[in-house]
Number of protein chains: 2
Amino acid sequence: MRYSTRLSVATHILLCIALLGGEHKTTSAFLAGSVGVNPVVVRNVLGQLKAAGIVSVEPGVGGASLAREPERISLLDVFRAVEGQEGLFRLHDNPNPECPVGRNVHAVLGKSLAAVDDAMEAQLAATTLRELMDATSEREAMRYRG
Amino acid sequence: MRYSTRLSVATHILLCIALLGGEHKTTSAFLAGSVGVNPVVVRNVLGQLKAAGIVSVEPGVGGASLAREPERISLLDVFRAVEGQEGLFRLHDNPNPECPVGRNVHAVLGKSLAAVDDAMEAQLAATTLRELMDATSEREAMRYRG
DNA sequence: GTATACTGTAATGTCAACAGTTACAACCGA
DNA sequence: TCGGTTGTAACTGTTGACATTACAGTATAC
């Protein structure tokens with residue numbers, strides 16, 4: 001089982017706002033057209049990003065903008081905003097407490113899996129929106145240079 | 001969305017085989033009793049572990065055993081056996097190729113997410129079944145020492 | 001050789017999460 | 001007030017996990 005596409009969608013939205021916000025009014029309909037999903041999906045994701053303090057959305061008039069500099073928005077921030085704080089793995093529910101393995105497996109395995117969670121989050125935190133913006137601009141420039 | 005409990009179940013099964021295999025015949029029914037799941041679930045997971053070369057299962061007579069030393073079985077081996085090789089994250093399906101963000105987002109974001117996958121796998125690879133066995137034994141010993 | 005116990009696997013049912021969509025109230029600027 | 005937009009609720013289809021039943025295949029014990 002894998003994560004949903006929400007991190008991917010949210011990152012795409014943020015890149016659009018950051019890179020195209022000057023030229024276009026970034027409404028949910030405009031963003032939905034770039035991402036390729038329903039505008040309601042965009043509005044829901046924007047709601048999560050807004051609750052996390054990553055974007056500001058203008059009700060009524062429409063449009064979204066970054067709430068802080070892209071250098072200070074990491075993939076971990078986005079990930080937590082859209083996927084919540086729960087760990088990556090789930091432990092099974094009913095290990096038998098009368099078995100020497102069953103009564104210890106959650107404690108023993110949980111420690112190792114928490115380390116895996118930490119490693120994943122550290123790597124997510126290592127990428128900022130600014131880097132993704134630059135990489136996108138670079139690829140666009142390549143496109144025209146050949 | 002999070003992974004299923006299969007890694008947790010599979011690890012529990014392996015610990016039972018490794019630590020209790022001497023005293024008990026580790027049939028799917030016995031293992032199911034410790035893990036707290038249906039015996040068919042155990043047989044399915046054992047089938048995946050067998051396909052990955054981690055355990056041997058005796059058809060007919062019954063019982064499973066490790067196919068190699070616990071020092072050489074890492075959580076990454078178990079993870080790949082039961083969860084497959086797919087990456088952790090999914091990219092959204094239909095970014096708009098006419099948008100400068102849409103036509104680059106998969107390449108740009110995919111690189112960062114691959115690094116996250118690698119970090120997760122490296123941390124999973126850092127824990128062996130032997131370490132989990134020792135930690136379990138240690139906790140059991142604590143139980144009686146007080 | 002037959003009974004017994006176990007594995008391997010298919011089929012089915014339930015449940016939860018994701019994602020797409022429609023609908024509509026609330027909001028704001030012209 | 002009107003038109004465009006956001007914020008949400010509700011409904012639907014799809015997918016995957018997990019539990020369970022059922023049964024064919026296999027190996028040992030007698």
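The sequence lines fix the lettering, A, B, ..., with proteins before strands; numbering per chain opens at 1.
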| Is it true that a side-chain atom of B:Asn104 and a backbone atom of B:Val101 form a donor plus acceptor pair closer than 3.5 Å? | no
| Is a side-chain N or O of B:Lys25 found less than 3.5 angstrom from the main chain of B:Ala64, in a donor-acceptor match? | no
Tell me: [atom1] of [X] to [atom2] of [N], nearest whole Å?
X       : N      : atom1 : atom2 : result
A:Leu7  : C:dA17 : CG    : P     : 20 Å
A:Asp93 : D:dA17 : CG    : C1'   : 12 Å
B:Asn38 : D:dT21 : CG    : C1'   : 9 Å
A:Arg6  : C:dG20 : CZ    : P     : 11 Å
B:His92 : C:dG20 : NE2   : C1'   : 15 Å
B:Gln48 : D:dA17 : CD    : C1'   : 12 Å

| said: Does the protein touch nucleotides 5-10 of chain C at the base, only the backbone, or not at all? Give it as B, S and - per nucleotide, heavy atoms under 4.0 Å. | reply: BBBBBB
| task | Find out whether B:Thr136 and A:Pro100 are in side-chain contact, i.e. whether some heavy atom of one side chain is under 4.5 Å from a heavy atom of the other. | result | no
| said: With heavy-atom distances below 4.5 Å as the criterion, would you say the side chains of A:Arg103 and B:Glu140 are in contact? | reply: yes
| query | When the ring planes of A:His92 and A:His106 are compared, do they come out parallel, tilted or perpendicular, using 30° and 60° as the limits? | reply | perpendicular
| What class does the angle between the rings of B:Phe79 and A:Phe89 fall in, given that below 30° is parallel, 30 to 60° is tilted and above 60° is perpendicular? | perpendicular
| task | Would you please confirm or rule out a distance under 4.0 Å between OP1 or OP2 of C:dA19 and any side-chain N or O of A:Thr5? | result | yes
